[in-house]
There are 2 protein chains.
Amino acid sequence: MFKALGNPHRLLIFQRLSRCCLPGTRCDLEDAIRFSVGELGEGMEIAASTLSHHLKALHHAGLIEMERQGKQINCWIDPAVLEKLYGFFNPQAEFENIGGCDVR
Amino acid sequence: MFKALGNPHRLLIFQRLSRCCLPGTRCDLEDAIRFSVGELGEGMEIAASTLSHHLKALHHAGLIEMERQGKQINCWIDPAVLEKLYGFFNPQAEFENIGGCDVR
DNA sequence: TCTACATTTCGAAACATGTCGAATTATCGA
DNA sequence: TCGATAATTCGACATGTTTCGAAATGTAGA
């Protein structure tokens, strides 16, 4: 996942899709913000084939969902993915503290 | 930062260093867990020069701190960095929710 | 000062990634 | 069925990354 987010174009795509339905909110999967592939590429000076390649990488990394809706393909983020990433850096969720430090 | 975390060796190093003093705890910078370069490489089948290269990448990305202590060089994570990463995926900290979703 | 240890720098090789354009596939509407 | 639109696949190329070993640097102790 971090590898996929490590490219500036892919990070931008991910950020565009994550501006709604973040962990801690009450957004459900159905509420998740969606963009078509073309919309996601707007403002990025990138060939359509390159955009497609990046979307595929994000999808393979498990970061985004994709589904055809007519002529377009819609992309969104499953809120559970954001929870997971959030939890990775959150002590309560995933890590045990070890060593001599004072956890309260 | 995500690019730096996107390599398996570097992610492992980062995880070893982040097992203490996570955001939400009361660990101070002085309490941060520290390992020498050699200790960080233990168990990884990797040449010393490669390890050094990865550490440099993590340092350049702003993910780890390094300081010479005698013959060895100690590495640790500034808790502020963990807060920052944590905040990136946390709705309260950094993002505004937009669109038609119902935030409570 | 000499030696051992810890780490970094350098250069080179193998491999992976980002990018494009052209060709292809899928869907909708006339 | 045909054409237009949206997106993907493919092949190619330039650029970056990972890795190593050898040589260099920095530090402590005999």
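Letters A, B, ... are given to chains in the order of the sequence lines, protein chains preceding strands, and every chain is numbered from 1.
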For the pair made of CD in E39(B) and P in dC5(C), what is the distance, rounded to whole Å? 17 Å

Any chance you could measure L40(A), atom CG, to F35(A), atom CZ, to the nearest 0.5 Å? 6.5 Å

Protein-nucleotide distance (L58(A), atom CG; dG18(C), atom P), rounded to Å: 10 Å

Over how many whole Å does the gap from I46(A) atom CD1 to dG18(C) atom P extend? 10 Å

So, with a heavy-atom separation below 4.0 Å from DNA chain D, the residues of residues 2-10 of chain B are K3(B), N7(B), H9(B), R10(B)

Side-chain donor or acceptor of H53(B) paired with backbone N/O of S49(B) under 3.5 Å: no

The first and last nucleotides of DNA chain D lying within contact of chain B, meaning any atom under 4.0 Å from one of its heavy atoms, run from dT17(D) to dA28(D)

Backbone N/O of K71(A) and side chain of R68(A): donor-acceptor pair under 3.5 Å: yes

Side chain of K71(B) only, heavy atoms from C-beta on: which candidate in dT7(C), dA22(C), dC5(C) is closest? dC5(C)

Separation of dT7(C) atom C1' from Q69(B) atom CD, nearest Å, is 15 Å

Output the rounded distance in Å from NE2 (H60(B)) to C1' (dT8(C)). 13 Å

Is a side-chain donor or acceptor of Q72(A) paired with a backbone partner of Q69(A) at a separation under 3.5 angstrom? no

Quick check on DNA chain C: between E45(A) and H53(B), whose nearest nucleotide comes earlier from the 5' end? H53(B)

Heavy atoms, side chains only, cut-off 4.5 Å: are L5(A) and R10(A) in contact? no

How many angstroms lie between CG in N74(A) and CH2 in W76(A), if you round to the nearest 0.5 Å? 7.5 Å

Starting at atom CG of L40(B), determine the distance to atom P of dA6(C), rounded to an integer number of angstrom. 14 Å

Could you check if a side-chain atom of E67(B) sits within less than 4.5 angstrom of a side-chain atom of R34(B), using non-hydrogen atoms only? yes

Could you check L55(A) against G70(B) and say which one's nearest nucleotide on DNA chain D is further toward the 5' end? L55(A)

Sub-3.5 Å donor-acceptor pair from the side chain of S18(B) to the main-chain atoms of F14(B), do we have one? yes

L11(A) has an atom CG; how far is it from atom P of dG18(C), in whole Å? 13 Å

Could you tell me if the side chain of R16(B) sits less than 4.5 Å from the side chain of M44(B), heavy atoms only? yes

Counting side-chain heavy atoms from C-beta on, which of dG21(C), dA26(C), dT7(C) comes nearest to A47(A)? dG21(C)

Interatomic distance where CD belongs to E67(A) and P belongs to dA26(C) [whole Å]: 17 Å

